[in-house]
Protein chains: 2
Amino acid sequence: MTIMVGLEQKLKIAGHKLTPARLAVVEVLETQHDHLNHNQILDEGRKLYPKLSRATVYRTMDLLVELQLVRPLYLNDPTQRFVSAAGGHHHLVCCKCGETVEFEHCTADPLAQELAEKYGFQIFNHLLEFQGLCIKCH
Amino acid sequence: MTIMVGLEQKLKIAGHKLTPARLAVVEVLETQHDHLNHNQILDEGRKLYPKLSRATVYRTMDLLVELQLVRPLYLNDPTQRFVSAAGGHHHLVCCKCGETVEFEHCTADPLAQELAEKYGFQIFNHLLEFQGLCIKCH
DNA sequence: CTATAATTGAGATATAATCTCATTATGGGC
DNA sequence: GCCCATAATGAGATTATATCTCAATTATAG
Ligand SMILES: [Zn+2]
Ligand SMILES: [Zn+2]
Ligand SMILES: [Zn+2]
Ligand SMILES: [Zn+2]
């Protein structure tokens with residue numbers, strides 16, 4: 001999640017303690033790829049800080065979600081995964097084999113504007129996910 | 001999921017047996033509201049067919065997903081929920097209180113076309129979800 | 001009606017998420 | 001630098017969700 005820079009700063013500014021456990025989690029998010037789930041964050045985090053506990057991973061991710069630095073996402077298995085909360089997230093998912101392609105070009109922003117006005121929402125980001133069959137599966 | 005008509009027919013056409021357990025699940029999907037999870041389908045289904053087992057609910061939903069009559073979705077809790085696979089699904093979700101608004105107008109279709117060509121996907125439907133704060137939470 | 005293969009239910013098992021509570025350690029105040 | 005209040009932690013128990021196993025049942029074609 002290399003887009004996720006300065007998580008440490010942001011935690012501090014928000015008045016939270018910079019404990020080794022949190023720093024390990026944050027380090028993982030900043031250096032590893034996107035879409036990690038709690039277990040993967042735990043495993044990677046323990047390489048940096050072996051005492052790291054599962055509960056702390058869950059708690060730290062809750063905190064980061066609350067601060068809107070990160071957001072949860074489900075792909076093709078029943079675990080919650082995390083991506084940067086900045087900007088949109090765009091997937092093409094194959095219903096059969098689960099292959100996932102990410103794409104960049106997206107037309108959601110004008111719509112976001114419109115919806116924000118219509119419903120009084122303040123919109124930060126979005127997920128646009130297309131389901132279908134990949135080239136190998138049809 | 002009142003859009004979901006004729007599930008029964010479609011199961012039969014696809015060569016699957018019309019057992020009372022399946023009929024109960026299908027009846028629930030056709031008469032209750034959207035976004036039910038496995039547990040809710042089980043509870044409702046048992047009102048129609050008390051012997052209905054949890055495993056059969058999971059299996060039937062797997063089958064309906066495979067036949068692309070229904071598709072899974074995660075909202076603000078860790079349970080898989082189901083909506084009609086027809087057309088798109090469009091949400092505005094409040095990160096704080098979880099309030100979910102559904103909207104209709106959507107601009108994803110031209111993009112779907114473009115992506116289908118670019119990546120060789122055959123696209124059936126999509127999910128467009130905006131995250132933000134609802135009017136009460138900001 | 002019968003044969004057969006698909007389907008089922010019950011419960012065991014596996015995996016994911018949450019909770020509890022005694023212990024530890026950060027960071028502000030001095 | 002030291003102390004203290006309080007936030008934060010870790011270990012393990014608990015709960016919730018999902019998957020698997022297998023003997024028994026049953027829908028349907030013929
Ligand atoms: Zn595929
Ligand atoms: Zn977008
Ligand atoms: Zn919906
Ligand atoms: Zn749409």
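These figures come from a predicted structure and were not determined experimentally. Only heavy atoms go into these numbers, but all of them, side chains included; no hydrogens, no water, no symmetry mates. Below, read A as the first sequence line, B as the second, and so on, with proteins coming before strands; counting in each chain starts at 1.
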Protein-to-nucleotide contact annotation, 5' to 3' order, nucleotides 17-30 of chain D [B base; S sugar-phosphate only; - none; under 4.0 Å, heavy atom]: SBBBB-----BS--
Contacts under 3.5 angstrom, residues 7-28 of chain A side chains, donor-acceptor by atom type, not counting sequence neighbours:
residue	atom	partner	partner atom	Å
A:Thr19	OG1	A:Arg22	N	3.2
A:Arg22	NH1	A:Lys17	O	2.9

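The distance from atom CG of A:Leu73 to atom NE2 of A:His91, rounded to the nearest 0.5 Å, is 5.5 Å.
Across the protein-nucleic acid pair, A:Leu42 atom CG and D:dG12 atom C1' stand 14 Å apart, rounded to whole Å.
For A:Ala55, the side-chain contact (heavy atoms from CB on, under 4.5 Å) test picks out A:Ser53, A:Arg59, with sequence neighbours left out. For A:Glu44, the salt bridge (charged side-chain N to carboxylate O under 4.0 Å, His left out) criterion is met by A:Lys47, not counting sequence neighbours. Take B:Asn37 and apply the side-chain contact (heavy atoms from CB on, under 4.5 Å) test, not counting sequence neighbours, and it matches B:Asn39, B:Gln40, B:Thr79, B:Arg81. A search for side-chain contact (heavy atoms from CB on, under 4.5 Å) contacts involving B:Val101 returns A:Tyr119, A:Phe121, B:Leu92, B:Glu99, not counting sequence neighbours. Listed by chain and number, the residues in a side-chain hydrogen bond (donor to acceptor under 3.5 Å, both in side chains) with B:Gln80 amount to none (sequence neighbours excluded).
Listed by first and then second residue, the salt bridge (charged side-chain N to carboxylate O under 4.0 Å, His left out) pairs that reach into residues 110-125 of chain A come to none, sequence neighbours excluded. Within the structure, the ring pair (Phe, Tyr, Trp, His ring centres under 6.0 Å) test picks out the following pairs touching residues 52-72 of chain A (sequence neighbours left out): A:His38-A:Tyr58. For residues 84-93 of chain A, there are no salt bridge (charged side-chain N to carboxylate O under 4.0 Å, His left out) pairs, not counting sequence neighbours.
For DNA chain C, the contact window with chain A, defined by any atom under 4.0 Å from a protein heavy atom, covers C:dA16 to C:dG27 in 5' to 3' order.
Closest-nucleotide positions on DNA chain C for B:Pro50 and B:Gly15 were compared, and the one nearer the 5' end corresponds to B:Gly15.
The terminal axes of the helix from C:dC1-D:dG30 to C:dC30-D:dG1, fitted over 5 pairs per end, subtend an angle of 40° to the nearest 10°.
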